[in-house]
Amino acid sequence: MRALLSAVHCPLSSIHSPPLTHDPQPLTLSPMRMSKLFSKTLREDPTEAETPSHRLLLRAGMVTQIAAGIYSYLPLGWTIIRKIQDIIRKEMDAAGGQELQMPSVHPIALWKASGRDQLMKDILFRFKDKRGREFVLSPTHEEITVELFKRNVQSYRDMPQLIYQIAAKFRDEPRPRGGLIRLRQFIMKDLYSFDTDSAGLDASYQTMFDAYQRIFDRCSVPTIPVLADSGAMGGTDTHEFIYLTDIGEDSLLLCPKCDYAANAEVAAFVKEPAHTDEDPQPIEEVDTPGQKTIDDLAAFLKVPATKTCKAVFYLADGEPVFIAIRGDMDVNEAKLRNALGATDLIYMAEAQVEKAGFVAGSAGAVGLEGVKIIADELVTRERNLVAGANKPNKHLLNTNYDRDWKADVVTDIALAREGALCAQCRTPMDLKRGIEMGQVFKLGTRYSETMGAYFLDAEGKKQPAVMGSYGIGIERLLAAVVEANHDENGIIWPPRLAPYDVHIVVIQPDKPGVRETADELYDSLTADGKAVLLDDRDESPGVKFKDADLLGMPVRATVSPRNLKEGAIEVKLRTVSESKLIPVDESPKRIADML
RNA sequence: CGGGGUGUAGCUCAGUCAGGUUAGAGCGCCUGGUUUGGGGCCAGGAGGCCGACGGUUCGAAUCCGUCCACCCCGACCA
């Protein structure tokens, strides 16, 4: 991707400022005494939490669930979200973005205009106002953005433009999961670019791509960019930024040798025919009583699964389609959807297949009429495959593409698996799971043409704006920060994101000088611009130490009679197990040096 | 949408199989005392429409039915 940037020349790209080279001044919270803090820690794990981030954020009293996929963010959690937003804002501004705010309530008309009232109908939250007018709660903001463009930009002289917001999104997901990982209401940073031509879009895309890398770095979440599917957004190129973790819901194929990395939805791979050395043999019908699955069929006929052609039916926008794919492979529904240009794709179960007049368990392309046939390109290159005979309990031996059947569409619709050969270098790829932190899209003119985002070029000709869109899921990023930065005792906040820099633990505050020393430290660190949390609760030392570990501030400072006897305060970094004693009078400076 | 699981105190859970005084424990919370370096100790106390509705029964947290909510798996393949 780096190469892309250097290849681009964009005469109007002065808006693309150089990246931030310094760490921006972070937000600093007012000091807090834990006796006053709104939220409390939980001693036990709440039952609904399974992933580490969900468990720890709940136990630390940083978030709390209101409904499936709907959360409240309590003061500590909200502070971290604000800090994440702050990092993102500064990168977006440095990249030439201008922040604005768009509404969450949209008239349905805008969504009808783009056609996405249908395309996204399953996840749209809809409601009517008291006069019966229909609205949606915004799942994303391309439609509004185009409206804003039309009202504010008419000339190439005013382009390119990058506008963004950090705002709530509402998506009625079929299954919220993993705490903050898949939500129905969530906060997103979404930026939209408007360029005069595709070279400009390439530059905007690259600018965002680079900014995203820096954002995830600053949040201490290791991510990799992967090729992805554009789904309901439309457009051409798109990358997702993935944090690799077993609890992730996306499947990725990664080449260990070259740089190929792709979401399984789009992953290309090299498919080798297994039986090309054979000559085509005469077709032959055989009895296969009760053999309905590929595994059963292959065992019954004593042939490898690679010698079979699997038949699968889908309803694509209501129309049945027949899929032929080699028996050992699975259909990749995202690839199939794209091949068909379909919006709705529903797998047809056996009963539906029968009802539609096909022979479930023995369906095959040979002699099949009245249904669109989609073939994975590999089956067209194989020889002498076993296929269904379209008669109950019968299959055909030695079916061959072209000679015996033809497909309406021949393309790659196979799902890549662990060990699939890399399309770039033929190395077996790894299959990993991950969480998508953000995605960048080259939308092109899909929205500008359908919704009328035009400008006049230097020749006075009307042209559609070339658009891109770029999102980051804020809560998901928060969850990933915790996934990537915790131990068995609690969260380990990266210093840039920690709500407080220093967590002061006071032990036996009623002993001479203890409370006073802690208060002085609290005041002097605060005066020095540090954010300080002071545990002044009437709790035993064990409780306070456990909570300090759970809450995860970068530095813990313990003020106790035992330490004061040495004239010292004990300090410890959350990242290490050893603590050290520092003289009381040097403590504010020494602590500041640790940060 | 399919499959599995769970709903009893703020949290974690017993009790439900086999119906029967006033529904329990630990943690948390309140009061008092004691203790003080890794989730102490003692005493007292507050806190419940047992997810909701309907049914069976003399009697329902418990049995039956319907619904709701939440969690997990899958959207897996003739």
Side-chain angles (χ1 to χ4, degrees), chain A residues 39-51 54-55 58-59 61 64-70 122 173-179 182 247 249 251 264 288 290-298 305 308-315 322-334 336 344-354 356 358-364 376 386-390 392-393 395 413-415 417 489-490 505-511 514 537-550 556 558-565 570 572 577 579:
Chain A
S39 58
K40 278 201 301 200
T41 57
L42 300 175
R43 182 172 301 210
E44 286 169 292
D45 288 337
T47 32
E48 76 260 26
E50 297 203 347
T51 62
H54 193 198
R55 202 163 45 78
L58 286 170
R59 276 195 54 205
T64 192
Q65 187 179 25
I66 300 300
I70 314 257
D122 291 337
E173 295 286 350
R175 180 147 101 85
R177 73 174 92 194
R182 182 163 290 268
I247 66 159
E249 52 182 5
S251 294
T288 51
Q291 308 303 315
K292 292 194 168 189
T293 68
I294 290 293
D295 284 348
D296 290 348
L297 182 68
T308 66
C309 181
K310 181 152 67 182
V312 186
F313 290 90
Y314 279 90
L315 276 178
F322 175 91
I323 315 302
I325 188 166
R326 203 173 72 182
D328 61 315
M329 300 207 160
D330 291 324
V331 173
N332 181 325
E333 293 188 1
L336 178 60
D344 283 330
L345 194 62
I346 302 168
Y347 173 74
M348 291 173 76
E350 188 169 327
Q352 294 169 278
V353 172
E354 297 281 2
F358 302 104
V359 185
S362 288
D376 182 60
V386 175
N390 297 315
N393 302 314
H395 280 80
I413 50 166
L415 187 64
R417 287 184 294 220
N489 297 316
V505 171
V506 195
I507 292 171
Q508 296 190 68
D510 294 333
K511 290 285 164 65
V514 176
R537 296 173 302 168
D538 183 18
E539 291 287 356
S540 68
V543 171
K544 294 187 178 187
F545 288 135
K546 288 285 186 190
D547 275 348
D549 287 346
L550 176 60
R556 186 185 83 191
T558 306
V559 181
S560 70
R562 194 171 88 182
N563 295 333
L564 284 185
K565 229 178 274 174
E570 178 190 318
K572 178 182 144 347
S577 53
S579 61

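Side-chain atoms are counted along with the backbone in the values below, which use heavy atoms only and exclude waters and symmetry mates. By convention in this document, chain letters (A, B, ...) are assigned in the order of the sequence lines, proteins followed by strands, and residues within each chain are numbered from 1.
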Which atoms of nucleotides 30-37 of chain B (N or O only) lie under 3.5 Å from a protein N or O atom, and what are those distances?
residue, atom, partner, partner atom, Å
U36(B), O2', Gln508(A), NE2, 2.4
G37(B), O2', Arg562(A), NH1, 3.3
G37(B), O6, Ser560(A), OG, 2.1
G37(B), O6, Asn563(A), OD1, 3.0
G37(B), O6, Asn563(A), ND2, 2.7
G37(B), N1, Glu570(A), OE1, 2.6
G37(B), N2, Glu570(A), OE1, 2.6
G37(B), N2, Glu570(A), OE2, 2.7

Restricting to nitrogen or oxygen on both sides, can you table the protein-nucleotides 43-45 of chain B pairs closer than 3.5 Å?
none

Could you go over nucleotides 69-75 of chain B and give all protein N or O partners under 3.5 Å, atom names and distances?
residue, atom, partner, partner atom, Å
C70(B), OP1, Ala68(A), N, 2.9
C71(B), OP1, Gln65(A), NE2, 2.9
C72(B), OP1, Gly178(A), N, 3.3
C73(B), OP2, Arg175(A), NH1, 3.1
C73(B), OP2, Arg175(A), NH2, 2.4
C73(B), N4, Arg175(A), NE, 3.4

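The separation of U22(B) from C13(B), taken at their C1' atoms, amounts to 22 Å, rounded to a whole angstrom.
Among the protein residues, Val353(A) comes within range of the nucleic acid bases, having at least one heavy atom under 4.0 Å from a base atom. Note on Ile346(A): nothing from the nucleic acid sits closer than 4.0 angstrom, heavy atoms only.
For Glu539(A), the side chain to side chain contact (heavy atoms under 4.5 Å, CB included) partners at least two apart in sequence or on another chain are Arg537(A), Val543(A), Lys544(A). Applying the side chain to side chain contact (heavy atoms under 4.5 Å, CB included) test to Ile346(A) and every residue at least two apart in sequence or in another chain returns Leu315(A). Residues passing the ring-ring contact (aromatic ring centres under 6.0 Å, His included) test with His395(A): none are found, sequence neighbours excluded. For Asp122(A), there are no side-chain hydrogen bond (donor to acceptor under 3.5 Å, both in side chains) partners two or more places apart in sequence or in a different chain. Under the side-chain hydrogen bond (donor to acceptor under 3.5 Å, both in side chains) criterion, Asn563(A) pairs with Ser560(A), sequence neighbours left out. Judged as a side chain to side chain contact (heavy atoms under 4.5 Å, CB included), and not counting sequence neighbours, the contacts of Arg182(A) are Glu173(A), Arg177(A), Glu249(A), Arg476(A). In this structure, Lys546(A) has no side chain to side chain contact (heavy atoms under 4.5 Å, CB included) partners at least two apart in sequence or on a different chain. Residues meeting the side-chain hydrogen bond (donor to acceptor under 3.5 Å, both in side chains) test with Thr51(A), sequence neighbours left out: none. In this structure, Ser362(A) has no side-chain hydrogen bond (donor to acceptor under 3.5 Å, both in side chains) partners at least two apart in sequence or on a different chain.
Remark: U56(B) base-pairs with no nucleotide in the shown strands. Criterion, Watson-Crick or G-U wobble with two distances under 3.5 Å. Nucleotide C1(B) has G74(B) as its partner under the Watson-Crick or G-U criteria, with both atom distances under 3.5 Å. Here G44(B) sits opposite C30(B) as a Watson-Crick or G-U wobble pair (both hydrogen-bonding atom distances under 3.5 Å). Under the Watson-Crick or G-U wobble criterion, with both distances below 3.5 Å, G38(B) is left unpaired in every strand shown. If you check U12(B) for Watson-Crick or wobble pairing at under 3.5 angstrom, you find it paired to A25(B). Judged by Watson-Crick or G-U wobble contacts below 3.5 Å, the nucleotide U62(B) has no partner. Base-pair partner of U6(B): A69(B) (Watson-Crick or G-U wobble, both distances under 3.5 Å).
Here the C1' atom of nucleotide C13(B) and the CG atom of Leu42(A) are 15 Å apart, to the nearest Å.
Each of Arg537(A) and Lys40(A) was assigned the nucleotide of RNA chain B with the nearest heavy atom; the assignment lying further toward the 5' end belongs to Lys40(A).
At a cut-off of 3.5 angstrom, the base of G39(B) holds at least one donor-acceptor pair with the side chain of Arg59(A).
Taking side-chain N and O atoms only, Arg43(A) has no distance below 4.0 Å to OP1 or OP2 of G39(B).
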